[in-house]
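Following: one structure in structure tokens, then a few remarks.
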Amino acid sequence: QRRVHGSTTNPPPTAKQLEAVDRTLFSSADIATVNGQIYPIWNKYDPTSDAGYRKIPKAEEPMLLLNGELDAMTNHAWAEHASIVYPNATFVSVPFSGHITVFNSLTSSGDNCGLELLTSFLLNGIPDRSCLQSIIAPDFDGKRNESRVMSLQLFGTEDMWD
């Protein structure tokens, strides 16, 4: 059965339902595995009821588009295209970063480059790209100090395989 947003016969999940799902999760609610657990109880989008479906919204405000080069959720070409469609957009490709670059673009100094890009854009209207060259590549064996720091931030332990 298809659920439509706003339907009274199929209301969105309650806070208790979402909390119950959240307690069973491996990590935070933005991880792809969570989507599979929440998907069955979440309302489905009905494009036939949306007058703006397949239309690009107009926006004249300055915007920052960050796209991680390892982002499996947002196609890099789509992000680049959006920067062409919106005349006041600034596009930044973030190396060694996946989805949600503001939180997963750790630099050799321990900072998050995505957060630095966002902060400088909000304060100055231009992102400071100087951190891009100091983003560390993924370390899948977990032996580098930066990887232990990242593991501690993400999992609460220095051993990412613990």
Side-chain angles (χ1 to χ4, degrees), residues 2-7 12-13 15 18 21-22 25-140 144-147 149-155 160:
R2 184 179 187 117
R3 291 181 221 171
V4 179
H5 181 68
S7 168
L18 290 175
V21 170
D22 188 52
L25 300 178
F26 167 71
S27 191
S28 65
D30 61 0
I31 304 299
T33 56
V34 176
N35 295 339
Q37 293 172 344
I38 292 178
Y39 184 81
I41 62 172
W42 202 260
N43 287 324
K44 305 304 180 275
Y45 172 68
D46 181 6
T48 61
S49 67
D50 185 352
Y53 181 64
R54 293 200 181 259
K55 293 182 180 157
I56 297 173
K58 294 185 189 291
E60 295 178 15
E61 295 80 10
M63 64 176 73
L64 176 63
L65 304 173
L66 300 175
N67 187 238
E69 291 178 2
L70 301 178
D71 188 342
M73 298 178 84
T74 305
N75 183 301
H76 204 71
W78 297 346
E80 285 182 302
H81 178 70
S83 71
I84 295 167
V85 169
Y86 295 107
N88 291 328
T90 301
F91 176 73
V92 179
S93 180
V94 184
F96 304 120
S97 183
H99 199 61
I100 312 177
T101 57
V102 172
F103 300 114
N104 68 19
S105 51
L106 192 65
T107 65
S108 55
S109 65
D111 296 321
N112 280 303
C113 184
L115 188 57
E116 290 180 28
L117 290 161
L118 176 62
T119 302
S120 60
F121 180 78
L122 292 173
L123 293 175
N124 307 316
I126 300 170
D128 178 358
R129 299 170 193 243
S130 61
C131 63
L132 291 172
Q133 55 269 26
S134 64
I135 295 175
I136 58 171
D139 170 28
F140 294 106
R144 289 195 325 238
N145 185 54
E146 295 90 358
S147 297
V149 169
M150 186 182 301
S151 181
L152 188 61
Q153 289 175 342
L154 293 173
F155 307 119
M160 68 175 62

Next item on the list: Say whether, by atom type as modelled, one donor and one acceptor occur between the side chain of S105 and the main chain of G114 under 3.5 angstrom.
Entry: yes
Next item on the list: Please round to the nearest 0.5 Å and tell me the distance separating atom OG of S93 and atom CG of L65.
Entry: 11.5 Å
Check: Above 12 or not: heavy atoms from other molecules or residues under 6.0 Å from NE2 of H81?
Finding: no
Check: Which atoms form the tightest heavy-atom contact between E61 and N88, and what is the distance?
Finding: O-CB, 3.7 Å
Notebook entry, point to check: C131 and T107: which non-hydrogen atoms are nearest, and at how many Å?
Noted result: O-CG2, 4.0 Å
Item checked: Backbone N/O of A77 and side chain of N75: donor-acceptor pair under 3.5 Å -> yes
Next item on the list: Assess whether atom CG of L115 is packed by more than 12 heavy atoms of other residues, nucleotides or ligands within 6.0 Å.
Entry: yes
Item checked: Spacing of L70 atom CG and T101 atom OG1 [to the nearest 0.5 Å] -> 11.5 Å
Margin query: To check you understand the geometry: which heavy-atom pair defines the closest contact between F91 and A79, and what is its length?
Written below: CE1-CB, 3.5 Å
Checklist line | Test item: T119 side-chain N/O and E116 main-chain N/O as donor-acceptor pair under 3.5 Å | finding: no
Next item on the list: For I135 and P95, work out which heavy atoms get closest and say how close.
Entry: CG2-O, 3.4 Å
Margin query: Is there a side-chain contact between V94 and V92 in this structure, where contact means two heavy atoms from C-beta onward sitting under 4.5 Å apart?
Written below: yes
Next item on the list: Provide the closest heavy-atom pair for L64 versus L118 in the form atom of the first, atom of the second, distance.
Entry: CD2-CA, 3.8 Å
Check: Between S97 and N104, do the side chains contain an N or O donor and an N or O acceptor separated by less than 3.5 Å?
Finding: yes
Note to self: Using 0.5 Å steps for rounding, measure from the OG1 atom of T90 to the CG atom of L117.
What the structure shows: 10.5 Å
Check: Would you find more than 12 non-hydrogen atoms of other residues, nucleotides or ligands less than 6.0 Å from E60 atom CD?
Finding: no
Notebook entry, point to check: Counting only N and O atoms by type, is there a donor-acceptor contact under 3.5 Å from the side chain of D71 to the main-chain atoms of T74?
Noted result: yes
Item checked: Closest non-hydrogen atom pair between F121 and M63, with its separation -> CZ-C, 3.6 Å
